[in-house]
Undergrad: 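Below is the structure I would like to discuss, written out as structure tokens.
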Amino acid sequence: MIFSGSLIEFIDGGKFCCGHVTGITDKKIHLLNQNGREINLPETRILLASRQVYPPALSREALTATLQRVAANRTALAAAISLKELWEIVCEEPGNEFTLDFLAELHFGNAVDDDQRAGFLRAIFADSLFFKFKNGSIAAHTPEQVEQLLLQRRREQDKAQLLEQTADSLQKIMQGLPVTDSEWPDRERCLQWLCEWVLLGSESAEEEFIRQVLKKAGLTSPHAGYDLLVKAKVWDPDENLALLKSDQPVEFPEPCLQIAETLREATAEELLADPKRRDLRALNILTIDGSFTRDFDDALHVEKTSDGNIQVGIHITDVSYYVPPKSPLFAEARERSTSLYFPEGHIPMLPKNLSLDVCSLIQGKLRPTISFLVTLAKDGTLIHSTIVPAVIEVKRQLSYREADSLIDRDPDLMMLNVVRQQLRQQRIDKGALLLSLPDVNVDIRDREHIQVYLSPVDTPSRNLVSELMILANGLAANYLAGQEAPGLFRSQPPPRKRLIAGAQNSLQDIARQRRFLSRGELTSHPKPHSGLGLNSYTTITSPIRRFLDLVMQHQLSNMIHGRGILFSGEECKTFAGIIQQKLGRANAIRQQRNRYWILRYLQPREGQRVKALVVGVGPKRVNLLLCDCLFDVDLPPNPAFPVEPGDTVRLQLARVKPLDNILRVEW
């Protein structure tokens, strides 16, 4: 029972406190605590009340001094109590709950006074290994519980030691000082936790530990974790966080690498053992690609026929020859779905000794292909086409720049250029939209002075390759559609609004038109592709880089060999779902990474003004493109500065934070 004048024990701020009850109302106990403060407590907060009642006649100062003396005495009693010996006596008793008085008397050996009772209670709270205070009683832990608590304590002690070591080591790392293995034996484990925390935040398993470590080390800046990992040489100063945060595979599994290492270039005899495979090694075949391209998956040839027509050959490396559907390589390609290209390098869909060597159409090497042999009239009208497995040897490997410089005097390139113009016009006449924006190339060779330059994609050689790849892809789709075979067909409904036509359109018009395009679709049956001006379309021309193309190459190869369809309609639908999911992931990584590098390029110009093209003007937003990097930005309209689509303005780069993905511009 609690009376006015009782001394009570309660916990305040995690510590035991002694108080003198000065009054009791309905649900509150009014008291003076040992620090001389008057407070009110609910009865549920009171752990123990004295049997002795202290007279209220004492002055406030005298009462406070008494409380302090009593509290000190009880603390000293608690410190002298060893609970282990008492626990060993009672832990085997039937039932494990005891009264406070019983255990206190058992320990002290006689009837106990208020201070001894309170001291014993304090000892129970101070060391919860053997006993637990619960609902006014004291429960003795079982030996199993004690063992578990001991184990937990050892873990906590180890964690505390680890926290101390890690905090000290991180401080040294940030100061550029060396940290030895003996100073920090758990370096790898802790840095891995730090990686996970930077990437996953509150979802990381060791979030609390890392937060405590950084706080203890005094490293509390927003990017302290990132900076530490760079200083520790775990991460590059421009680490690809978008990639690390995703589940996009980077390294190849061991079974894939083992298979890839055993694959070698097929000989002509091995390839021509297939009676369907044609020997086209004598043709004057060339490739046209970017200067830094190393995975060549398409090649071309052209020649005049005896009757004055033109035969064009579009030769696609036959990856299906090396990567059968049951192979782990096929499964890994399905998981990746595409090769990823960044300014700092690329992540291939297939291991490099396949993508850059065995499957690549390298000059002077024999390679299996799926070849599209197309006969065109002088006006570009399609007369005949056939799709065959073949063996080729590339005679020339040209870059786009080299091809452009030769296109007016090289006989083959001159003929191909005429074909290119004819095919392009045919598609335009069928409603195709030519929406090519310049390529944005980021040069990061000097990380302190990143450069961005725009490359036109409508040069003759680039258009030449593009038109012939579109032709081959359309022919593949038509072939499968004509055979009523399932596949993976790309389609696109008409644009929601058509703004342009023909081939000569401004950058501003193209950028505006892109905003009204309908979303493309991927289906197992053919549908029209309005953007390309074709009734059916697929992609088969990049089997090294795209899983969709590899699947279609398998389907097409099986059919032209006379073996019928390889993948059923249901399997194609499954592939379509997987491809859309994986490409969504890959595209998100690609876009975030490209955005990061553009922001890195803009960062040194923070506070400066840059040129921007007004693309569209709405009631609430003005859409613009930064002219030197084609970066999309938008601003609320400025009544004092009215603009129209097509205007060029200068915007201020108010804030550029690459790691935070922030770009703020102002009029």
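Values below: all heavy atoms of this structure, side chains included; hydrogens, waters and symmetry mates excluded. The structure displayed is predicted, hence computed values, not measured ones.
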Undergrad: Go through it in stages, so that I can follow the logic: the residues are V198 and L228, the test is side chain to side chain contact (heavy atoms under 4.5 Å, CB included), and I'd like the CA-CA distance, side-chain angles, deciding distance and then a yes or no.
TA: CA-CA 10 Å; V198 173; L228 275 165; over 6 Å; no
Undergrad: For K573, does the NZ atom sit with more than 12 other heavy atoms under 6.0 Å from it, leaving out its own atoms?
TA: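 Counting neighbours around NZ of K573, 12 or fewer heavy atoms of other residues, nucleotides or ligands fall under 6.0 Å, so no.
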Undergrad: How far apart are the closest heavy atoms of H301 and I285, and which atoms are they?
TA: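 So the minimum-distance heavy-atom pair works out to CB-CG1, 3.8 Å.
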Undergrad: So does E666 pair up with R664, basic N to acidic O under 4.0 Å?
TA: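 R664 and E666: salt-bridged.
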Undergrad: Would you compute the distance between atom CG of L613 and atom CG of L624 and round it to the nearest 0.5 angstrom?
TA: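 Rounded to the nearest 0.5 Å, the CG-CG separation comes to 7.5 Å.
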Undergrad: Just by modelled atom types, is the D297 backbone N or O under 3.5 Å from a matching donor or acceptor in the T317 side chain?
TA: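 Looks like no, no N/O pair under 3.5 Å.
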Undergrad: Would a distance-only check, ignoring hydrogens and angles, find a side-chain to backbone donor-acceptor pair under 3.5 Å from R420 to S466?
TA: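 No, R420 side chain to S466 backbone: no donor-acceptor pair under 3.5 Å.
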Undergrad: Is it the case that the side chain of R496 and the backbone of L517 share a donor-acceptor pair, with hydrogens and angles ignored and the cut-off at 3.5 Å?
TA: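 Confirmed, R496 side chain pairs with L517 backbone.
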Undergrad: Shortest non-hydrogen contact from I387 to A476?
TA: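 Smallest interatomic distance, heavy atoms only, reads CD1-CA, 4.4 Å.
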Undergrad: Got a second to check how far Q608's CD is from L602's CG, nearest 0.5 Å?
TA: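 Separation between the atoms: 10.0 Å.
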Undergrad: Considering non-hydrogen atoms only, spot the tightest contact between T541 and R546 and give its length.
TA: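 Looks like OG1-NH2, 4.0 Å.
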Undergrad: Using a 3.5 Å distance criterion without hydrogens, assess whether the side chain of R334 forms a donor-acceptor pair with backbone atoms of F547.
TA: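 Not confirmed, R334 side chain does not pair with F547 backbone.
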Undergrad: Distance-only, no hydrogens or angles: does the T375 side chain make a donor-acceptor pair with backbone N or O of Q311 under 3.5 Å?
TA: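 Between the backbone of Q311 and the side chain of T375 there is no qualifying donor-acceptor contact (under 3.5 Å).
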Undergrad: Side chains of Q425 and Q421, heavy atoms from C-beta outward: is any pair under 4.5 Å?
TA: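 Result no, sub-4.5 Å side-chain heavy-atom pair not found.
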Undergrad: Please assess R585 against D247 for the test side chain to side chain contact (heavy atoms under 4.5 Å, CB included), listing each intermediate value before the final yes or no.
TA: CA-CA 9 Å; R585 175 185 66 187; D247 57 356; 2.9 Å; yes
Undergrad: Do the non-hydrogen side-chain atoms of L653 and V610 ever get within less than 4.5 Å of each other?
TA: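 Yes, close enough: below the 4.5 Å cut-off.
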Undergrad: Where does the angle between the aromatic ring planes of F575 and F330 fall among parallel (under 30°), tilted (30 to 60°) and perpendicular (over 60°)?
TA: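 F575 and F330: perpendicular rings.
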Undergrad: For the residue pair I589 and Q248, what are the closest heavy atoms and their distance?
TA: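 Smallest heavy-atom distance, with atoms named: CD1-CB, 3.5 Å.
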Undergrad: Indicate yes or no: does R514 engage D632 in a salt bridge with an N to O separation below 4.0 Å.
TA: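 The answer is no: the pair does not qualify as a salt bridge.
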Undergrad: For D439, is there an ion pair with R462 - N to carboxylate O distance below 4.0 angstrom?
TA: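 The answer is yes: the pair qualifies as a salt bridge.
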Undergrad: Give me the atom names and distance for the closest heavy-atom approach of I392 to S371.
TA: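 For I392 versus S371, the nearest heavy atoms are CG2-OG, 4.4 Å.
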Undergrad: Does R367 use its side chain to pair, donor to acceptor, with the backbone of S360 at less than 3.5 Å?
TA: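 Yes.
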Undergrad: Apply side chain to side chain contact (heavy atoms under 4.5 Å, CB included) to the pair W235 and L244, showing each step before the final yes or no.
TA: CA-CA 11 Å; W235 281 356; L244 293 180; 3.7 Å; yes
Undergrad: Return the minimal non-hydrogen interatomic distance between C195 and V234, and the atom names on each side.
TA: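 Looking at all heavy atoms of both residues, the shortest contact is SG-CG1, 3.8 Å.
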Undergrad: When you compare the side chain of F296 with that of V394, does any pair of heavy atoms fall below 4.5 Å?
TA: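 No, side chains not in contact.
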Undergrad: In terms of heavy-atom contacts, does CZ of R609 have more than 12 from other residues, nucleotides or ligands at under 6.0 Å?
TA: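 More than 12 within 6.0 Å, yes.
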Undergrad: Any chance you could measure T369, atom OG1, to I316, atom CD1, to the nearest 0.5 Å?
TA: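 So the gap between those two atoms works out to 8.5 Å.
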Undergrad: For the CG atom of D289 and the CD atom of E402, what is their distance to the nearest 0.5 Å?
TA: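 So the CG of D289 and the CD of E402 are separated by 11.0 Å.
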Undergrad: Test your reading of the model: is there a side-chain donor-acceptor pair from H529 to the backbone of L532, 3.5 Å cut-off?
TA: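 Pair found, side chain donor or acceptor close to backbone of L532.
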Undergrad: Taking the side chain as everything from C-beta on, heavy atoms only, tell me whether Q513 gets closer than 4.5 Å to R498.
TA: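 Yes, their side chains come closer than 4.5 Å.
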Undergrad: Compare all side-chain heavy atoms of L480 with those of P486 and state whether any distance is below 4.5 angstrom.
TA: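 Of all side-chain heavy-atom pairs linking P486 with L480, none is under 4.5 Å.
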Undergrad: For D647, does the CG atom have more than 12 heavy-atom neighbours from other residues, nucleotides or ligands under 6.0 Å away?
TA: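 It does: D647 CG has more than 12 such atoms within range.
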Undergrad: Consider side-chain hydrogen bond (donor to acceptor under 3.5 Å, both in side chains). Of N661, D238, N240, which one does Y596 pass it with?
TA: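 Per the side-chain hydrogen bond (donor to acceptor under 3.5 Å, both in side chains) rule, the option paired with Y596 is D238, out of N661, D238, N240.
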Undergrad: Start with the C-alpha distance between T338 and R590, add both sets of side-chain angles, then the distance that settles side chain to side chain contact (heavy atoms under 4.5 Å, CB included), and finish with yes or no.
TA: CA-CA 11 Å; T338 184; R590 185 186 296 113; 4.1 Å; yes
Undergrad: Using 0.5 Å steps for rounding, measure from the CD1 atom of I314 to the CD1 atom of I370.
TA: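 Going from CD1 on I314 over to CD1 on I370, the span is 13.5 Å.
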Undergrad: Answer whether the closest heavy-atom distance between the side chains of D628 and V452 falls below 4.5 Å.
TA: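 A side-chain contact is absent here, since even the closest heavy-atom pair is not under 4.5 Å.
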Undergrad: Under a 4.5 Å cut-off applied to non-hydrogen side-chain atoms, are D236 and R447 in contact?
TA: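 Yes, close enough: below the 4.5 Å cut-off.
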Undergrad: Taking A242's backbone N and O only, do any of them form a donor-acceptor pair with Q592's side chain (distance below 3.5 Å, no angle check)?
TA: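 Checked: no pair found.
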Undergrad: So, do V465 and Y400 sit near enough that their side-chain heavy atoms are less than 4.5 Å apart?
TA: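 Of all side-chain heavy-atom pairs linking Y400 with V465, at least one is under 4.5 Å.
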Undergrad: Do R655 and E606 meet the salt-bridge criterion of a basic N to acidic O distance under 4.0 Å?
TA: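 Salt bridge between E606 and R655, a charged N being under 4.0 Å from a carboxylate O: no.
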Undergrad: Using modelled atom types only, decide if a donor and an acceptor are shared between the side chain of Q397 and the backbone of L361 within a distance under 3.5 Å.
TA: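 Yes, because the side chain of Q397 sits within donor-acceptor range (under 3.5 Å) of the backbone of L361.
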Undergrad: If you measure from CG on L243 to CD1 on I347, what distance do you get to the nearest 0.5 Å?
TA: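 If we round to the nearest 0.5 Å, L243:CG and I347:CD1 are 4.5 Å apart.
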Undergrad: Between the side chains of T539 and N473, does any donor sit under 3.5 Å from an acceptor?
TA: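 Absent: no donor and acceptor within the cut-off.
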Undergrad: What I want to find out is whether R396 reaches D410 closely enough, with some N-O distance under 4.0 Å, to be called a salt bridge.
TA: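 A salt bridge links R396 with D410.
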Undergrad: Can you spot which of M469, Q555, H554, Q553 makes a side chain to side chain contact (heavy atoms under 4.5 Å, CB included) with I540?
TA: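 Of M469, Q555, H554, Q553, side chain to side chain contact (heavy atoms under 4.5 Å, CB included) with I540 is met by Q553 alone.
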Undergrad: Would you please say whether a donor-acceptor pair under 3.5 Å links the side chains of N441 and Y453?
TA: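 No, no side-chain donor-acceptor pair sits under 3.5 Å.
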Undergrad: For A299, does its backbone N or O pair with a side-chain atom of T287 as donor and acceptor, under 3.5 Å?
TA: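 No, T287 side chain to A299 backbone: no donor-acceptor pair under 3.5 Å.
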